[in-house]
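Structure record follows, encoded as structure tokens.
In what follows, every heavy atom counts, from backbone to side chain, and hydrogens, waters and symmetry copies are set aside.
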Amino acid sequence: MTDHVIEVAYSHLYPGLILDAPADAADFLVLFGDDSESRAQLLRDSTGRPVLRMGGYMTAKGTVIDERVWTVRETVQRGNRLRLRLGRSLP
């Protein structure tokens, strides 16, 4: 288990969502607004651009969300925090 946690007010991710992550964390736990959770990893694609790999999870209503890789449209570092704006998920 990782020491880094990100809270998301929703039960899922979507394009345009901003995640407030620790700047020094390559992986972290995402706690969703419905009390479900998933592990995420901030990686680089073959061109060096950041992508976010979200592990699969089940929402509180029982919807199964498969593992996905999301593009990251924008990253902004402020002190020890990194704001990630998600792009689309990759097939």
Please determine whether the number of non-hydrogen atoms from other residues, nucleotides or ligands lying under 6.0 Å from atom CG of Asp35 exceeds 12. no
As an exercise, state the distance from CG of Leu52 to OG of Ser89, rounded to the nearest 0.5 Å. 11.0 Å
Verdict with supporting geometry, Tyr57 and Thr63, side chain to side chain contact (heavy atoms under 4.5 Å, CB included): CA-CA 8 Å; Tyr57 65 99; Thr63 302; over 6 Å; no
Are Pro22 and Arg81 side-chain neighbours, meaning at least one heavy-atom pair lies under 4.5 Å? yes
Going by heavy atoms in the side chains, are Met54 and Val30 under 4.5 Å from each other? yes
Spacing of CG belonging to Leu42 relative to NE2 belonging to His4, to within rounding of 0.5 Å: 12.0 Å
Same hydrophobic cluster for Leu86 and Leu90, using side-chain heavy-atom links shorter than 4.5 Å among ILVMFWY? no
Taken to the nearest 0.5 Å, the spacing of Leu29 CG from Ile6 CD1 works out to 9.0 Å
Given Val5 and Leu31, is the side chain to side chain contact (heavy atoms under 4.5 Å, CB included) satisfied, shown in steps? CA-CA 7 Å; Val5 176; Leu31 298 177; 3.5 Å; yes
Is the number of heavy atoms from other residues, nucleotides or ligands within 6.0 Å of OH (Tyr14) greater than 12? yes
Hey, is Arg39 close enough to Asp27 for a salt bridge, meaning N to O under 4.0 Å? yes
Restricting to side-chain contact (heavy atoms from CB on, under 4.5 Å), what partner residues turn up for Ala23, sequence neighbours left out? Gln77, Leu82
Using distance only, find each side-chain donor-acceptor pair of residues 64-76 under 3.5 Å and give its atom names and separation, not counting sequence neighbours.
residue: Thr71; atom: OG1; partner: Arg88; partner atom: N; Å: 2.9
residue: Thr71; atom: OG1; partner: Arg88; partner atom: O; Å: 3.0
residue: Glu74; atom: OE1; partner: Arg85; partner atom: NE; Å: 3.1

When you look at Val8 and Leu17, which way does the side chain to side chain contact (heavy atoms under 4.5 Å, CB included) test go after all the steps? CA-CA 9 Å; Val8 174; Leu17 181 67; 3.9 Å; yes
Determine, using the 4.5 Å side-chain heavy-atom cutoff (strictly less than), whether Tyr10 and Leu19 are members of one ILVMFWY cluster. yes
Backbone N or O of Ser11 within a donor-acceptor pair of the Thr59 side chain at under 3.5 Å? no
Lys/Arg-Asp/Glu bridge criterion (N-O < 4.0 Å) met for Asp20, Arg83: no
